[in-house]
There are 2 protein chains.
Amino acid sequence: MAKNVRAESDTSTEEKIKKAAHVVFKRKGFAATRTRDIADEAGFNLALLNYYFRSKEKLFDIVMKESIQQFLKGIAGILNNTALSLTEKVSLVAENYTDMLSANPDLPLFILSEIKANPEKLALDLNFKEIIMRSHLFEQIQEATGKTINPIHFIINIISLTVFPFVASPLLRVIGDLNPQDFNSLVEDRKKLIPVWIETMLKAH
Amino acid sequence: MAKNVRAESDTSTEEKIKKAAHVVFKRKGFAATRTRDIADEAGFNLALLNYYFRSKEKLFDIVMKESIQQFLKGIAGILNNTALSLTEKVSLVAENYTDMLSANPDLPLFILSEIKANPEKLALDLNFKEIIMRSHLFEQIQEATGKTINPIHFIINIISLTVFPFVASPLLRVIGDLNPQDFNSLVEDRKKLIPVWIETMLKAH
DNA sequence: TGACGATTTAATCATTTGATTAAAATAGTT
DNA sequence: AACTATTTTAATCAAATGATTAAATCGTCA
C-alpha cells in the first residue's frame with residue numbers, strides 16, 4: 001500500500017529530484033554543488049533530498065552510476081557486432097557518441113573529473129576492460145595493423161578524437177572563436193571525418 | 001627595508017604556500033580543496049595563507065594563471081618557427097607536451113574543469129586565439145590540405161591525441177589495465193606515433 | 001467525514017570552512 | 001640588550017552547508 005503510493009509518484013517528486021541532481025552535479029561537480037542547489041533546481045524543499053535519498057553522497061552515487069551507464073550505453077553492442085566492418089564500427093561509434101554528447105555536453109568532463117577524485121567508485125561498477133579488450137573491434141584492429149602496434153592506441157584515438165572536443169569545449173570556444181552554433185557543426189563534421197582519419201591511420205602500420 | 005626582508009623570504013614561506021596550493025588545487029580542484037589542506041601540505045598555519053594571499057580565491061587565481069602559462073609555455077615558439085616543417089612542428093609539440101604532462105599529469109583536467117566552472121577567468125588572460133589562428137602551423141595545415149577542410153580540426157586532433165590520454169588516465173588505467181609504468185611507456189610511444197598519424201590524416205585530404 | 005499514512009515544508013542543529021584577531025616568536029638594527 | 005618590524009601561531013568568528021525534526025498538508029479509504 002505504502003509501496004503503491006510510492007510507486008505512483010516515482011515519476012514525480014523523487015524522479016524530479018534525481019533529474020535535477022543529474023543537471024546540477026554534471027554542471028558543477030560533486031564538491032561545488034550544494035544540496036540546496038539541487039532542491040532549488042527541482043523546485044522542492046531541501047529536506048526532500050534527504051527524505052528520498054538519505055544523503056548527498058547516496059544521491060551522487062546514483063547519478064554517477066547512471067551517468068556511466070549512459071556513457072557506455074549502445075557502445076558494447078557496436079563493438080561486438082561481427083557483421084560490421086572496422087570502419088562501420090568507427091562510424092557508428094563516432095555518430096552515436098557525438099549525438100549523445102551533443103545532448104549531454106557536460107557528461108564526459110563530469111565523469112573524468114569525478115573518477116579522478118574518487119577512482120575506487122568505478123571499480124565496483126561495470127567491467128569496462130572485458131567489454132573493450134575482448135571486443136570484436138579489438139580483433140579487427142589487430143588484424144588491420146598486423147599486430148605491429150598495441151590496439152589500445154586506436155581505442156584511445158577513436159575516443160580522443162570524438163570525446164575531447166566536448167571536454168575542451170570551453171577552451172575551444174576561446175581558441176577557435178566558436179559560438180555554440182559553430183561548435184555544433186564542427187562536431188557534426190567530425191562524425192564523417194573521424195572514420196576516414198582512423199582508417200588512414202590504420203593503413204600507416 | 002621591509003621589502004628586503006620580504007624579498008629574501010620569497011623563496012621560503014610564501015613560495016612554499018604557493019607551491020602547496022598548486023599541488024592541492026590541481027589534485028582536488030577549487031571547490032574540493034580546503035584552505036586547511038593547503039596549509040597542511042605547506043606545513044604552516046592556516047592564517048599564513050590569508051596573510052600572504054588575502055583569500056583562497058586570490059591564491060587560486062595566481063595558481064590558475066601560472067598553470068595556463070605552463071600549459072602554453074614553449075608552444076607559441078614552436079607554432080611560429082618558420083624553419084620547421086609541419087611534421088617537425090607536430091613532433092616537437094607532441095614531445096614537449098608529453099614530457100610536460102608526464103611531469104604534471106593533473107594539469108590538463110584541472111585547467112579544463114576550472115575553465116568550465118569559470119569561463120570568464122580565461123578571457124582576461126593571454127590571447128590564445130591569436131597565437132594559434134595566426135600561427136605558421138595554421139598556414140601549413142591549410143597548404144597541406146589545399147583548404148579543403150577547416151584547419152581547426154587538425155589543431156584539435158593534435159591536442160586530442162596528445163592530451164586526452166592524460167585527461168582520461170584514471171579511466172584508461174581501468175579499461176586498459178595499465179599500471180603507471182605501462183601508462184608511461186604508452187604515452188612515450190605516442191610521441192613518435194602522433195606525428196605519423198597526423199601526417200597520414202593530412203594526406204587523406 | 002475523519003482517520004491514517006505518505007508527502008512536503010519551515011525551522012533548527014551541528015559541523016565545516018574561509019577569514020580575522022590578538023598575541024607570541026623571530027630576525028634585524030642600533 | 002632594547003627596540004622595531006616581520007613572520008607565525010593559537011584561538012575565535014561568522015557564514016555556509018549537510019542533515020534532522022516536528023509540524024503541516026495531501027490523498028486515500030472505511
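Computed from a prediction, not measured in an experiment: that's the story for all the values here. Chain letters run A, B, ... following the sequence lines, proteins first and then strands; every chain starts at 1.
Following rounding to the nearest Å, A:E57 (CD) and D:dA19 (C1') show an atom-to-atom distance of 14 Å. Computed from coordinates, the A:N50 CG to D:dA22 P distance equals 16 Å when rounded to whole Å. Following rounding to the nearest Å, B:R54 (CZ) and C:dT21 (C1') show an atom-to-atom distance of 14 Å. Here the C1' atom of nucleotide C:dT17 and the CZ atom of B:F30 are 12 Å apart, to the nearest Å. The separation between B:Y52 atom OH and D:dT9 atom C1' is 13 Å, rounded to whole Å. Here D:dT8 presents its P atom at 12 Å from CZ of B:F53, a figure rounded to the nearest Å. Note: NZ (B:K56) to P (C:dT20) measures 15 Å, nearest angstrom. Note: CD (B:E14) to P (D:dT8) measures 10 Å, nearest angstrom.
Screening residues 77-98 of chain B for salt bridge (Lys or Arg N to Asp or Glu O under 4.0 Å), with sequence neighbours left out, gives no hits. Among residue pairs with one or both ends in residues 39-53 of chain A, those qualifying as salt bridge (Lys or Arg N to Asp or Glu O under 4.0 Å) are A:R27-A:E41; sequence neighbours excluded.
Judged by distance alone, the side chains of B:W197 and A:H153 never bring a donor and an acceptor atom under 3.5 Å apart.
Annotation: side chain to side chain contact (heavy atoms under 4.5 Å, CB included) contacts of B:N81 (sequence neighbours excluded): B:A83, B:L84. Partners of B:K56 under the salt bridge (Lys or Arg N to Asp or Glu O under 4.0 Å) rule, at least two apart in sequence or in another chain, do not exist in this structure. By the side chain to side chain contact (heavy atoms under 4.5 Å, CB included) test, B:K116 pairs with A:D106, A:L109, A:P170, sequence neighbours left out. Every side chain to side chain contact (heavy atoms under 4.5 Å, CB included) that A:I198 has, sequence neighbours left out, goes to A:V90, A:N157, A:I158, A:L161, A:I194, A:M201, A:L202. By the salt bridge (Lys or Arg N to Asp or Glu O under 4.0 Å) test, B:R34 pairs with no residue at all, sequence neighbours left out. Listed by chain and residue number, B:D99, B:E188 satisfy the salt bridge (Lys or Arg N to Asp or Glu O under 4.0 Å) test with B:K191 (two or more places apart in sequence, or in another chain). Checked against side chain to side chain contact (heavy atoms under 4.5 Å, CB included), B:D182 has the following partners two or more places apart in sequence or in another chain: B:L178, B:N179.
Remark: B:T33, B:R34, B:T35, B:R36 in residues 31-38 of chain B come within less than 4.0 Å of DNA chain C through at least one heavy atom. Against DNA chain D, the stretch residues 39-49 of chain A makes heavy-atom approaches under 4.0 Å through A:L46, A:A47.
One finds no side-chain N or O of B:Y51 lying less than 4.0 angstrom from the OP1 or OP2 phosphate oxygen of C:dA19.
Between its two ends, the helix from C:dT1-D:dA30 to C:dT30-D:dA1 turns its axis by 10°, counting five pairs per end and rounding to 10 degrees.
Of the charged side-chain nitrogens involved, at least one lies within less than 4.0 Å of a carboxylate oxygen, so that A:K121 and A:E57 count as a salt-bridged pair.
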